[in-house]
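Order of listing sets the numbers, starting from 1, for every ligand and every atom in it. Just so you know, residue 1 is the first one in the sequence shown, and it goes up from there. Side-chain atoms are counted along with the backbone in the values below, which use heavy atoms only and exclude waters and symmetry mates.
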Amino acid sequence: MKTICILGMGYIGLPTACMMANNGYEVVGIDVNDGIVSSLSSGKLHIEEPELEKVFLKAFKEGKLKVSRHVKKSDVYIIAVPTPLGKDNKADLSYVISAAEMIKDFVSKENLVILESTSPPGTTRNIVGSIIEKNTKLVAGTDFNLAFCPERVLPGKIIYELVNNNRVIGGINEKSAELAKDVYKSFVKGNIYTTTLETSEFVKLAENTYRDINIAFANELADICGEYDINIWDVVKFANMHPRVNILNPGPGVGGHCIAIDPWFIIENIKKKDTLIEKCRGINNSRPFIISDKAAMIVNGIKDPKIAVFGISYKENVGDTRESPALAIINELLKKGFEVSVHDPIVTNYNGKLSSLEDSLNGADLLLLFAAHDVFKKTSLDFIAQKMRNKNIFDTRNFYDRNEVEKAKIRYYRI
Ligand code: SAJ
């Protein structure tokens with residue numbers, strides 16, 4: 001197998017295409033967005049991610065990676081398109097379906113089809129496999145090979161983790177799983193384990209759900225600590241000194257295109273009601289309201305309060321605002337009638353108005369910090385204090401040092 005066609009040139013498809021192109025394969029990257037195709041075809045990235053430019057330019061300049069609007073006949077087809085949350089908290093599989101429709105006329109005997117997109121159990125077999133079978137009269141597992149190979153990379157560390165993380169690949173049969181393993185082995189240094197299609201689909205969902213539940217636990221502990229007037233950050237720090245405890249951090253809510261979404265995919269087709277998984281989604285989804293109410297309490301009594309918001313991406317040091325709790329919080333603050341001025345020097349996909357550091361702080365009554373980008377450390381607390389009208393910081397990430405903040409004569413609030 002020498003040629004690979006990857007559908008979806010986003011956060012996962014593009015880096016994966018680059019790695020395969022730099023490790024022995026002829027790769028064509030397909031995207032339905034003309035802007036992305038023309039930008040990549042002229043050697044320009046549309047995504048910010050450390051190390052990506054280097055691997056992309058190598059693949060592009062050596063002619064191993066081409067980008068197109070149209071599918072090209074290949075040995076391997078990889079679907080790496082988004083699976084957003086649709087109506088009623090169910091997976092919107094429309095991009096997966098249209099990608100399968102796009103390749104169905106090209107798949108022939110002995111080809112390998114891989115789904116990478118995070119999906120509810122059964123999607124690879126019942127959606128991708130079926131669409132191809134219906135059209136080609138080929139049988140999955142007999143005539144063509146079918147596998148699920150979920151990504152596990154952390155935005156901000158995608159290239160490092162693509163290479164070094166372990167992978168779990170599911171196959172419709174052993175041959176399919178082994179063929180997929182061979183493709184990924186070309187660049188993955190971690191271990192690659194093989195299992196069934198549905199197990200690998202479920203493993204991916206279980207990993208992200210585990211994290212969501214752990215964060216919900218931390219958020220619930222934070223609320224309870226508030227009632228006792230105990231510092232939650234100390235509780236997490238000391239509890240994690242136990243060899244078998246690893247509590248995550250509370251925060252303003254859970255964002256991103258994975259952890260806030262994938263738990264729903266586990267429960268969307270099950271009979272069991274009232275799951276822990278759904279409860280935890282509820283806890284994490286209620287964070288923006290708790291945070292905006294606390295912010296309102298801090299500025300209570302101030303005439304026409306102005307709130308400077310620092311960092312609106314879904315987490316630190318990434319530019320992505322998808323599902324960011326900061327957006328929901330800003331919305332709540334605006335509904336309460338406050339002036340909100342947003343400062344984020346690294347965000348890439350925000351449609352609202354962004355302000356410079358100085359403009360956001362000028363005359364502000366509260367600095368509300370969400371995504372704790374490293375770059376915020378460069379702004380001195382004295383400078384912040386100097387610009388603000390009323391000097392309050394509400395730190396939702398335990399980013400600032402309380403003593404330092406108070407030394408600068410700023411009142412410090414945190415979760
Ligand atoms: N968060 C907290 N407290 C924490 C950790 C995270 O509130 O202690 C919040 C973050 O601020 C953010 C959200 O959770 O809003 C998600 O951030 P994250 O760093 O936990 O995860 P993602 O979405 O960037 O990446 C996750 C990873 N999954 C796991 O760690 C199990 C990554 O490995 C997956 O590949 C990725 O989802 C994915 O694409 O599925």
Side-chain angles (χ1 to χ4, degrees), residues 8 10-16 47-50 80-85 91 116-119 148-168 190 200-223 232-233 235-237 239-240 245-266 280-281 283-288 290-291 311-329 347 369-373 395-399 414-415:
Y11 284 91
I12 302 303
L14 177 60
T16 304
I47 294 173
E48 286 270 339
E49 180 61 36
V81 295
T83 43
L85 198 60
E116 274 233 17
S117 316
T118 306
S119 304
F148 180 70
C149 185
E151 54 80 18
R152 294 167 131 181
V153 291
L154 198 68
K157 285 175 78 180
I158 287 182
I159 299 299
Y160 174 84
E161 292 209 351
L162 262 184
V163 173
N164 292 289
N165 285 2
N166 298 331
R167 307 280 296 227
V168 178
S200 62
E201 289 169 331
F202 203 89
V203 166
K204 167 70 199 187
L205 300 176
E207 290 165 1
N208 281 351
T209 304
Y210 164 81
R211 202 158 164 83
D212 193 48
I213 288 174
N214 194 330
I215 298 167
F217 176 57
N219 282 331
E220 185 160 283
L221 287 184
D223 288 346
I232 177 64
W233 305 97
V235 169
V236 172
K237 181 177 76 187
N240 286 350
V245 173
N246 186 19
I247 305 173
L248 291 176
N249 292 316
V254 170
H257 52 292
C258 310
I259 301 210
I261 289 174
D262 298 356
W264 294 114
F265 295 1
I266 285 199
C280 289
R281 276 285 67 236
I283 291 173
N284 287 337
N285 278 343
S286 68
R287 295 305 289 171
I290 293 172
I291 300 294
I312 47 157
S313 46
Y314 82 93
K315 68 173 186 179
E316 69 286 355
N317 303 325
V318 300
D320 191 353
T321 58
R322 282 178 295 173
E323 313 294 325
S324 173
L327 303 178
I329 294 169
V347 77
L369 178 108
F370 295 127
H373 302 321
D395 175 1
T396 66
R397 301 287 190 177
N398 198 26
F399 179 70
R414 65 182 161 188
I415 286 172

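Between Gly255 and ligand 1, an N or O atom pair is found at a separation short of 3.5 Å. Between His257 and ligand 1, no N or O atom pair is found at a separation short of 3.5 Å. When only interatomic distances are considered, the shortest N/O to N/O separation between Thr118 and ligand 1 does not fall below 3.5 Å. Geometrically, ligand 1 and Glu316 share no nitrogen or oxygen pair separated by less than 3.5 Å. Annotation: Asn249 places an N or O atom under 3.5 Å from an N or O atom of ligand 1; distance criterion only. Between Glu207 and ligand 1, no N or O atom pair is found at a separation short of 3.5 Å.
Heavy atoms of Val153 approach ligand 1 to within less than 4.0 angstrom. The closest approach between a heavy atom of Gly256 and any atom of ligand 1 is not below 4.0 Å.
When the heavy-atom distances from atom 6 (C) of ligand 1 to Asn208, Asp212, Ile215 are ranked, the shortest goes to Ile215.
With values rounded to the nearest 0.5 angstrom, Cys280 atom SG is found 6.5 Å from Asp212 atom CG. The distance from the CG atom of Asp320 to the CD1 atom of Ile47 is 9.5 Å, given to the nearest 0.5 Å.
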Assess whether salt bridge (Lys or Arg N to Asp or Glu O under 4.0 Å) is satisfied between Glu316 and Arg397, documenting all intermediate values. CA-CA 10 Å; Glu316 69 286 355; Arg397 301 287 190 177; 5.3 Å; no

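Counting heavy atoms closer than 4.0 Å to ligand 1, residue Arg397 contributes side-chain atoms (C-beta onward) but none from N, CA, C or O.
Looking only at atom types and distance, the side chain of Thr118 has no donor-acceptor partner in the side chain of His257 under 3.5 Å away.
Remark: minimum distance from atom 33 (O) of ligand 1 to any protein heavy atom is reached at Arg152 O, 2.8 Å. In terms of protein heavy-atom proximity, atom 25 (O) of ligand 1 is closest to Leu154 CD1, 3.5 Å.
Near Lys204, the atoms of ligand 1 lying under 4.0 angstrom from a non-hydrogen atom of the residue are 34 (C), 35 (O), 38 (C), 39 (O), 40 (O).
Side-chain atoms of Glu49 come within 3.5 Å of backbone atoms of Ile158 as a donor-acceptor pair (strictly under, hydrogens ignored).
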